[in-house]
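Step one of this worksheet: look at the structure below.
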Amino acid sequence: MRTARLALDPAFTVGPVPRRLFGSFVEHMGRCVYTGIFEPDHPTADEDGLRTDVLELTREIGPTVVRYPGGNFVSGFEWEDSVGPREERPRRIDRAWRSVETNQFGLAEFDAWARKVGTETMMAVNLGTRGLQEACDLLEYTNLDSGTKFSELRRAHGSKDPFDIKLWCLGNELDGPWQTGHKTAAEYGRLAAETGMAMRSIDPSIELVAVGSSSRSMPTFGEWESTVLDLAYHAVDYVSCHAYYEEKEGDVGNFLASAVDMDLFIEQVVATADAVRAKGKHSKKINLSFDEWNVWYQSRPHHAEGVQPWDVAPRVIEDEYSITDAVVVGTLLNSLLRHSDRVTIGAQAQLVNVIGLLRSEPGGDAWKQTIAHPFEQVRRLASGDVLQVVTQSDKYESSNFGGVDVVDASATWDEETLTLFLANRDLSEPASVDVALRGFGVDRVSSAKVLAATEGQDRHTTNATGDHQQVGLRPLEDVSVTDGTATVVLPPLSWAVVQLRKG
Ligand code: AHR
């Protein structure tokens, strides 16, 4: 049995749970849009061609904000192609994923989808092949009421009310050589500052995200953030982080420690942003938008067998997620919560089919992948304030990070309910976690659920086959409160949520 002890106190908080932390991402990539959220011929399609089976699952998961329309796709996107009468919209090549974009789903369709889901839109502008003017035109189209060229165009297209989008990404991953219109930090910093200021002059209520590093392992990491913020600090509110993790060469210990990398990534970007703040004598703080994160098996082929260049909606990076992946995603959510004083926006990438929380088959069914479960639970149950958690845990040796805690944790407290999000990274042993409840006044377990392998399953089990529900949550039995201490016994390789209440 592995052991851990958590120290918490209601007075020691990180800050209120930022609701925008639990976002996701819809990119015009592979089958995320077409046969993902939109499939007019599907038996469940509604009057807008939206798949209501996917819509229902999306509502259950409940992403609080959804980034759109890319991703690498946005760096070649001409937004004017995606508005107006559908029959007049052009088919265009998407260089990023070497597919054909039919533009049958565009801005108005996304706005309708987001309203049906009940989520906020986070819109990205193309700063790869385009620039300030086109970004301003798009903002005028989406946010101005009437009486100008692009607001009247929107009205002529049938959308009387503005889409009123508050959150805008100034481009995507422009630090990456793979990105159409890849730039140096100085080139991008100037462009972000100029575009941001111009967009704010149209709608001062918007919030702007500058492109940060595409991963902590980028050669320009650190220098990129520093240079971009030197030039654009005054014009933006957030800097982005992107991170994808996978099990490489069977090193599961390293993979399970992915959240250690995420912790470092966040802390290093915060330090860089704060250094620029001091140097530039700025009063505002720049927060972080972790607007692409997930498990992604990048070392596997991106395209499914048989996919040809310039296919429409090809099968691209349709990773099928296991129990191990769900535990890692649970720890990544813990990392975001632990840093939620500075990471105030998050967007898991992506919502459906493309490294998706959900999967759907053309003309067929739709289901939650294993990773959707920790995402949904944290989105539903994290409430009130995030607590500072001091974890004293048994450790294991990992090749990249040295000693890593076997038990990973985060917690929230809303004056009624103490919620613990816990992961056991040990593959073969259970972990017993003690939590002293002093100061909370809670004395009973109100709910306890766990995701772990059941009989006949192993850590590789996915929801790809069978009834698509083999991996999910089940009651966690081994939880007790004695003399003011809660004891939770986590099965080997598991993720759990435990709620404790008064009386
Ligand atoms: O989410 C998949 C891709 O990952 C996005 O298009 C890109 O921004 C990132 O590299």
Side-chain angles (χ1 to χ4, degrees), residues 4-24 61-65 120 237-238 241 243 258-271 273-274 285-291 293 327-348 373-393 405 407-423 433-442 446-449 486 488 495-502:
R5 179 176 293 274
L6 309 184
L8 320 165
D9 188 293
F12 295 150
T13 62
V14 176
V17 176
R19 292 321 303 175
R20 281 174 170 171
L21 202 54
F22 313 117
S24 188
I61 294 172
T64 49
V65 55
E120 181 182 3
D237 305 288
Y238 307 87
C241 300
S258 298
V260 178
D261 181 82
M262 191 185 241
D263 286 343
L264 286 169
F265 193 172
I266 294 167
E267 286 157 22
Q268 290 167 351
V269 175
V270 166
D274 288 351
K285 272 189 191 167
I286 296 289
N287 283 331
L288 273 52
S289 171
F290 216 121
D291 48 40
W293 67 267
V327 173
V328 169
V329 161
T331 62
L332 297 176
L333 287 158
N334 278 346
S335 174
L336 293 175
L337 278 174
R338 284 193 288 263
H339 296 94
S340 56
D341 53 335
R342 298 301 296 270
V343 185
T344 54
I345 302 170
Q348 171 279 344
H373 293 290
F375 183 94
E376 178 177 340
Q377 293 300 308
V378 178
R379 194 277 299 163
R380 283 179 189 270
L381 301 178
S383 164
D385 284 331
V386 180
L387 295 174
Q388 294 179 31
V389 180
V390 178
T391 304
Q392 281 180 291
S393 167
D405 287 347
V407 171
D408 186 72
S410 68
T412 64
W413 167 242
D414 65 6
E415 304 294 329
E416 291 282 324
T417 308
L418 173 62
T419 304
L420 307 171
F421 302 105
L422 304 168
V433 187
D434 280 348
V435 189
L437 300 173
R438 198 180 44 243
F440 292 100
V442 298
S446 63
S447 104
K449 294 172 253 182
V488 181
W495 178 88
V497 52
V498 175
Q499 297 202 286
L500 300 139
R501 288 174 70 91
K502 300 177 183 179

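Everything quoted here is computed from the prediction, not taken from an experiment.
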Listed by chain and number, what are the side chain to side chain contact (heavy atoms under 4.5 Å, CB included) partners of [X], not counting sequence neighbours?
X      : answer
Ala486 : Val435, Leu437, Val481, Leu500
Ala448 : Val445, Leu476, Val479, Val498
Asn287 : Tyr238, Arg342, Thr344
Asp263 : Glu267, Ser335, Arg338, His339

Nearest 0.5 Å please: distance from the [atom1] atom of [X] over to the [atom2] atom of [Y].
X      : Y      : atom1 : atom2 : value
Ile61  : His373 : CD1   : NE2   : 8.5 Å
Phe290 : Met262 : CZ    : CE    : 4.0 Å
Ile345 : Leu336 : CD1   : CG    : 12.0 Å
Ser410 : Gln388 : OG    : CD    : 13.0 Å
Asp261 : Ile266 : CG    : CD1   : 9.5 Å

Report yes or no: does [X] contribute a side-chain atom to a donor-acceptor pair with the main-chain N or O of [Y] at less than 3.5 Å?
X      : Y      : value
Arg379 : Gly62  : yes
Thr419 : Gln499 : no
Thr64  : Arg19  : yes
Thr412 : Ser383 : yes
Ser340 : Val17  : no

Looking only at non-hydrogen atoms, find the nearest pair between [X] and [Y] and report the distance.
X      : Y      : result
Val497 : Gln377 : CG1-OE1, 4.1 Å
Gly23  : Pro63  : C-CB, 4.3 Å
Cys241 : Leu288 : SG-CD2, 3.9 Å

Identified side-chain contact (heavy atoms from CB on, under 4.5 Å) partner of Phe421 from the options Leu381, Val389, Asp408: Leu381
Only counting residues at least two apart or in another chain, list the ones meeting side chain to side chain donor-acceptor pair (under 3.5 Å) with Gln268. Arg216
Partners passing side chain to side chain donor-acceptor pair (under 3.5 Å) against Asp434 (at least two apart in sequence or in another chain):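 With sequence neighbours excluded, Asp434 shows a side chain to side chain donor-acceptor pair (under 3.5 Å) to Thr487, given in chain and number order.
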Can you sort out the partners of Asp385 under salt bridge (charged side-chain N to carboxylate O under 4.0 Å, His left out), two or more places apart, ordered by chain and number? none
Taking salt bridge (charged side-chain N to carboxylate O under 4.0 Å, His left out) as the definition, give me every residue that meets it alongside Glu376, ordered by chain and number, with sequence neighbours left out. Lys368, Arg380
Could you list all the salt bridge (Lys or Arg N to Asp or Glu O under 4.0 Å) pairs where at least one residue sits in residues 411-421, not counting sequence neighbours? Glu416-Arg501
How would you list, by chain and number, every residue that makes a ring-ring contact (aromatic ring centres under 6.0 Å, His included) with Phe375, sequence neighbours excluded? none
Run the ring-ring contact (aromatic ring centres under 6.0 Å, His included) test against Trp413 and tell me which residues pass, sequence neighbours left out.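 Partners of Trp413 under the ring-ring contact (aromatic ring centres under 6.0 Å, His included) test: Phe440.
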Contact between Val433 and Thr391 at the side-chain level, heavy atoms closer than 4.5 Å - yes or no?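 Not touching, per the 4.5 Å side-chain cut-off.
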Test side chain to side chain contact (heavy atoms under 4.5 Å, CB included) on Val343 and Phe265 and set out the steps. CA-CA 11 Å; Val343 185; Phe265 193 172; over 6 Å; no
List the atom pairs, with distances to 0.1 Å, where a side-chain N or O of residues 5-16 and a protein N or O form a donor-acceptor pair under 3.5 Å, not counting sequence neighbours.
{"residue": "Asp9", "atom": "OD1", "partner": "Ala11", "partner atom": "N", "Å": "2.8"}

